[in-house]
Protein chains: 2
Amino acid sequence: MAPKRNEPDLSFLLDHTSHILRTQMSAALAEIGLTARMHCVLVHALEEERTQAQLAELGDMDKTTMVVTVDALEAAGLAERRPSSRDRRARIIAVTEEGARIAGQSQEIVDRVHREALTSLPEPDRATLLQALNQLTEGHLATPAESPRPARRARQ
Amino acid sequence: MAPKRNEPDLSFLLDHTSHILRTQMSAALAEIGLTARMHCVLVHALEEERTQAQLAELGDMDKTTMVVTVDALEAAGLAERRPSSRDRRARIIAVTEEGARIAGQSQEIVDRVHREALTSLPEPDRATLLQALNQLTEGHLATPAESPRPARRARQ
DNA sequence: TATTGTTATACTCTATAACTATA
DNA sequence: TATAGTTATAGAGTATAACAATA
């Protein structure tokens, strides 16, 4: 049987919920001067010594996007670039004391926004939702379809 | 209890699944020369006589984005702009015969991509997932938080 | 005065390419 | 030769502003 039209479908539901959640998360983090990327880098950099490339990989960012993000963290006094002792090409992102404090706050904000979003769900459905999304992520929605993107021209 | 770190959270899961599904949908629709927006406009325009503004509202697009989308549909011979008999400012988007045929195909593609995505889920979880997402959409994830965007300067 | 659709374009975001220093 | 990080900028996507026609 064909699905009824005008009924929210999976695409709409995922697009809508992820978009709204993202705006709420951005707004909440903005109150302490962070973007979601800055939060992501702070948290991962706190866990252990990591280079920009490693942090970019973890946060699924381009290395050039990471440059901008680390610039912002440095400007805010939350992190510092330090030369790696192992590889003089690489830079370790060291979180400052203030950065660690802010990271604690931002993690609380992230958790709170998630909690608040899920409050409209009955208890048992929350676990099922997260589990189902996890399964999709590992199943047919693991890898992106490639879009035939035109290559960019060389710089003049 | 604080959530364990490095565990996929709601933000990651929604972002990831919606992004992957979107790439798959784009790739699948591209095979018949459509974008998701073109499909969306075609389907809604087929249901009843609708103006660009109404279609923009339904598809959550800016009116200027709608202009581009309708241009593409016209160029592909799938739809035509016709003056509204009620309001001479407005234009009805009329789907051509070929457009209706393509809309049928694109709807099949959309349904197939959704079906395929959900195959990794056990039967009972599918309904729960869709229901839970629906509830989020109507609950705390109904309306976007507003981001303080700087106003754009006037044209020179 | 407000609204529909159009055009032009400003702005954001992201990624590519080229580069330097190092491996 | 390959990789880490930087810089500059191209390109896509989108929205704002201004406009003409009409309400």
Side-chain angles (χ1 to χ4, degrees), chain A residues 15 18-19 22-23 26 30 35-38 40-41 45 49-75 79-94 144 146-156, chain B residues 15 18-19 22-23 25-27 30 35-38 40-41 45 49-75 79-94 144 146-156:
Chain A
D15 279 354
S18 68
H19 173 245
R22 186 196 297 268
T23 67
S26 295
T35 63
R37 288 209 177 101
M38 289 164 78
C40 179
V41 169
E49 284 214 345
R50 284 181 165 137
T51 66
Q52 287 189 201
Q54 291 170 330
L55 292 167
E57 167 75 17
L58 282 167
D60 194 33
M61 304 176 217
D62 191 85
K63 60 179 181 175
T64 60
T65 305
M66 178 58 61
V67 170
V68 178
T69 306
V70 175
D71 285 350
L73 288 173
E74 278 202 322
E80 291 168 10
R81 288 171 166 99
R82 293 196 187 150
S84 165
S85 49
R86 296 177 188 170
D87 184 338
R88 281 189 294 171
R89 292 171 304 180
R91 314 221 176 171
I92 300 295
I93 302 308
E146 34 209 301
S147 65
R149 286 248 208 89
R152 197 174 296 183
R153 283 195 319 244
R155 213 189 317 186
Q156 316 288 7
Chain B
D15 278 355
S18 69
H19 173 245
R22 186 195 296 268
T23 67
M25 194 62 80
S26 295
T35 62
R37 288 211 177 100
M38 288 163 79
C40 178
V41 169
E49 283 214 346
R50 283 181 166 138
T51 66
Q52 287 189 201
Q54 290 170 331
L55 291 166
E57 167 76 17
L58 282 167
D60 195 32
M61 304 175 217
D62 191 85
K63 60 179 180 174
T64 60
T65 305
M66 179 57 62
V67 170
V68 177
T69 305
V70 174
D71 284 350
L73 287 173
E74 277 202 321
E80 291 168 9
R81 288 172 166 99
R82 291 194 188 153
S84 164
S85 49
R86 296 178 189 168
D87 185 338
R88 281 188 294 169
R89 293 170 303 179
R91 311 216 176 176
I92 300 296
I93 302 307
E146 35 209 297
S147 66
R149 287 247 208 90
R152 195 174 295 183
R153 282 196 319 244
R155 207 184 330 183
Q156 314 289 11

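Chain A is the first sequence line, chain B the second, and so forth, proteins listed ahead of strands; every chain is numbered from 1.
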Checklist entry - Separation of A/Ile92 atom CD1 from D/dG5 atom P, in whole Å? => result 8 Å

Next on the checklist: Taking only side-chain N and O atoms of B/Arg37, does any of them lie within less than 4.0 angstrom of OP1 or OP2 on D/dT14?
Outcome noted: yes

Item to check | Atom pair distance, as rounded to whole Å: CZ in A/Arg82 and P in D/dG5 | outcome: 16 Å

Next on the checklist: Measure CE/A/Met66 against P/D/dT3 and give the value in whole Å, please.
Outcome noted: 19 Å

Checklist entry - Just how far, in rounded Å, is P of D/dG13 from CG of B/Asp71? => result 15 Å

Item to check | Short side-chain N/O contact to D/dT14 OP1/OP2 from B/Thr64, under 4.0 Å | outcome: no

Checklist entry - Has the side chain of B/Glu74 got a donor or acceptor atom that lies under 3.5 Å from a matching backbone atom of B/Arg81? => result yes

Checklist entry - Considering residues at least two apart in sequence or located in another chain, which fulfil the side-chain contact (heavy atoms from CB on, under 4.5 Å) criterion with A/Arg37? => result A/Thr35, A/Met61, A/Thr65, A/Thr69

Next on the checklist: Tell me whether B/Gln54 contacts the main-chain N or O of B/Thr51 through its side chain, where contact means a donor paired with an acceptor under 3.5 Å.
Outcome noted: yes

Checklist entry - If you pin A/Met61 and A/Arg89 to their nearest nucleotides in DNA chain C, which one's is more 5'? => result A/Met61

Checklist entry - Rounded to whole angstrom units, what separation is found between the CG atom of A/Asp62 and the C1' atom of D/dA4? => result 13 Å

Next on the checklist: Return the NE2 to OG distance between A/His19 and B/Ser18, rounded to the nearest 0.5 Å.
Outcome noted: 10.5 Å

Checklist entry - Do the non-hydrogen side-chain atoms of A/Arg50 and A/Leu58 ever get within less than 4.5 Å of each other? => result yes

Item to check | Along DNA chain C (nearest heavy atom to each residue), the more 5'-positioned of A/Asp87 and B/Val70 | outcome: B/Val70

Checklist outcome for this item: When rounded to whole Å, the CE to P distance for the pair B/Met38 and D/dG13 reads 13 Å

Checklist entry - What about A/Thr51, does its side chain sit under 3.5 Å from the base of D/dA4 through a donor-acceptor pair? => result no

Checklist outcome for this item: A/Arg81 CZ to D/dG5 P, in whole Å, measures 9 Å

Checklist entry - What is the distance from NZ of B/Lys63 to P of C/dG5, rounded to the nearest Å? => result 9 Å

Item to check | Shortest side-chain distance from B/Arg88, nucleotide among D/dT22, D/dT16, D/dA4 | outcome: D/dT22

Checklist entry - Does OP1 or OP2 of C/dT6 have a side-chain N or O of B/Gln52 closer than 4.0 Å? => result yes

